[in-house]
Asker: 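Below: one structure in structure tokens.
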Amino acid sequence: MDSTIAAVRKSLLDWFWHSARDLPWRKDYDPYHVWISEIMLQQTQMERGVFYFQRWLERFPDIHAVAAADEQDVLKYWEGLGYYARARNLQKAAKIMVEKYRSKIPDDSQVLLTLPGIGPYTAAAIASIAYNRDIAVVDANVERVIARLFDIDGPIKAAGTKKRIHELAEKLLPKGKARYFNQALMDMGGLVCTPKNPACHECPVAFCCRALQEGHVHERPVATPAGKIIPIEMATGVLTYKGKIFIQQRKTDDVWGGLWEFPGGRLEVGETPQEAVMREFKEETGFSVEVEAALATVVHHYMRYKVTLHGFSCKLKGKFSEPALNAAQDFRWVTRKELADYGFPAGHRKLIDFMVSSNKELPR
Ligand code: SF4
């Protein structure tokens with residue numbers, strides 16, 4: 001077993017020197033860069049993450065810039081990545097690091113764990129990749145590689161399976177080389193030992209892969225039955241008055257708190273999307289509106305939900321008045337161009353993009 005572990009370590013590290021992905025945070029392993037990349041890459045594809053990472057660094061080149069920024073600016077630069085609590089927590093953590101840790105990212109995973117938005121995986125990733133601490137990092141790629149290497153037959157999401165995979169990852173880790181070994185395992189899972197059609201003929205550790213020897217590659221890892229996707233129908237209205245569009249800012253403690261939106265919400269039983277828009281406007285803002293035209297219907301997937309959002313252009317019925325703000329903390333009347341300056345949830349941003357790309361004229 002020990003000689004196999006030694007061979008796996010050497011093969012993976014050799015492979016990494018030749019085949020490592022060229023990623024911007026790997027140029028100097030600056031802890032700030034590693035931290036940002038790890039938070040951004042949660043639930044985000046690599047290419048997309050690299051784009052957002054580079055754009056982020058242009059605006060927030062260091063931890064001071066994040067700590068001192070307006071929250072709206074932080075959310076704006078996060079727009080498109082979703083899961084906005086990550087951006088808010090990132091800024092909270094930056095402020096703590098500036099005030100309590102002399103603007104340094106802590107190198108101790110236990111200290112990292114006390115910071116907002118940093119869980120066990122991210123703490124391990126920062127400590128090992130930025131500071132080369134001897135801690136195994138287990139993401140979905142690593143889970144898959146280990147489940148196949150050791151032909152693990154338990155459901156991948158089961159607590160017992162996770163514990164076993166973690167123990168094996170710790171066992172495989174060569175002391176003093178965590179930075180490279182962890183990334184080698186992650187890259188190998190992302191590039192070679194992929195979920196579908198793994199390239200076993202190119203694999204640096206095929207010589208000891210038990211799933212390959214047993215003919216179980218496509219059965220590992222053992223899937224956990226997927227949860228049901230819940231469909232949700234929503235409607236929203238783009239209200240225009242004297243050439244300006246009404247937007248409101250969600251309350252801070254709300255889901256997507258701090259982001260901007262057009263008023264709207266879920267359809268009630270038996271309600272049409274148009275009826276829902278008129279009702280929601282009345283409830284949320286006090287405005288009586290009339291639906292003028294359908295703008296677009298966009299579909300957005302969010303965790304276990306499939307959200308169908310019906311967007312309409314609207315106009316005021318009756319006299320102009322100030323909004324009531326029953327579901328928001330602030331509001332603006334903005335031009336269509338100014339919509340680009342505010343952070344919106346993905347569904348509303350899709351609606352805006354559709355309006356822009358189709359050059360759909362909003363009624364005045
Ligand atoms: Fe994955 Fe195939 Fe390599 Fe086994 S041999 S670790 S299944 S790529």
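Both counts, for ligands and for their atoms, begin at 1 and track the order of listing.
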Asker: Looking at Tyr342, does the NZ or CZ of Arg332 lie under 6.0 angstrom from its six-membered ring centre and within 45 degrees of the ring axis?
Answerer: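 Not satisfied by the 6.0 Å and 45° rule.
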
Asker: Considering heavy atoms of the protein only, find what lies nearest to atom 1 (Fe) of ligand 1 and give residue, atom and distance to 0.1 Å.
Answerer: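 The answer is Cys193 SG, 2.4 Å.
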
Asker: Looking only at protein heavy atoms, identify the closest one to atom 2 (Fe) of ligand 1 and say how far it is in Å.
Answerer: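 So the nearest neighbour among protein heavy atoms is Cys200 SG, 2.3 Å.
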
Asker: Taking only heavy atoms of Ala206 into account, list the atoms of ligand 1 that are under 4.0 Å away from them.
Answerer: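 Counting atoms of ligand 1 from 1, those under 4.0 Å from Ala206 are 5 (S).
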
Asker: Does the residue Val217 have a heavy-atom contact with ligand 1, meaning some pair of atoms that are separated by less than 4.0 Å?
Answerer: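 So Val217 counts as touching ligand 1.
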
Asker: Among protein heavy atoms, which lies nearest atom 7 (S) of ligand 1, and at what distance?
Answerer: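 Checking every protein heavy atom, the shortest distance to atom 7 (S) of ligand 1 gives Arg148 CD, 3.5 Å.
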
Asker: Looking at Arg279 and Glu283, does any basic side-chain N land under 4.0 Å from a carboxylate oxygen?
Answerer: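 Counted as a salt bridge, because a side-chain N and a carboxylate O are separated by less than 4.0 Å.
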
Asker: Taking both backbone and side chain into account, is any N, O or S atom of Cys209 nearer than 2.8 Å to atom 4 (Fe) of ligand 1?
Answerer: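 Coordinating: yes.
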
Asker: Under a 4.0 Å threshold between the charged nitrogen and the carboxylate oxygen, would Arg220 count as salt-bridged to Asp151?
Answerer: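 Yes, this pair counts.
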
Asker: Which of the atoms in ligand 1, numbered in the order shown and given with their element, are less than 4.0 Å from a heavy-atom of Cys203?
Answerer: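 In order of numbering, the contacting atoms are 3 (Fe), 5 (S), 6 (S), 8 (S).
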
Asker: Is the shortest side-chain N to carboxylate O distance from Lys76 to Glu79 below 4.0 Å?
Answerer: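 Salt bridge flag = yes for Glu79 with Lys76.
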
Asker: If you take the centroid of each ring, where Trp contributes its six-membered ring, are Trp56 and Phe60 closer together than 6.0 Å?
Answerer: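 So the answer is yes for these two rings.
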
Asker: For the pair Glu167 and Lys163, find out whether any cationic side-chain nitrogen is under 4.0 Å from an anionic carboxylate oxygen.
Answerer: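 Result for this pair is yes, salt bridge flagged.
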
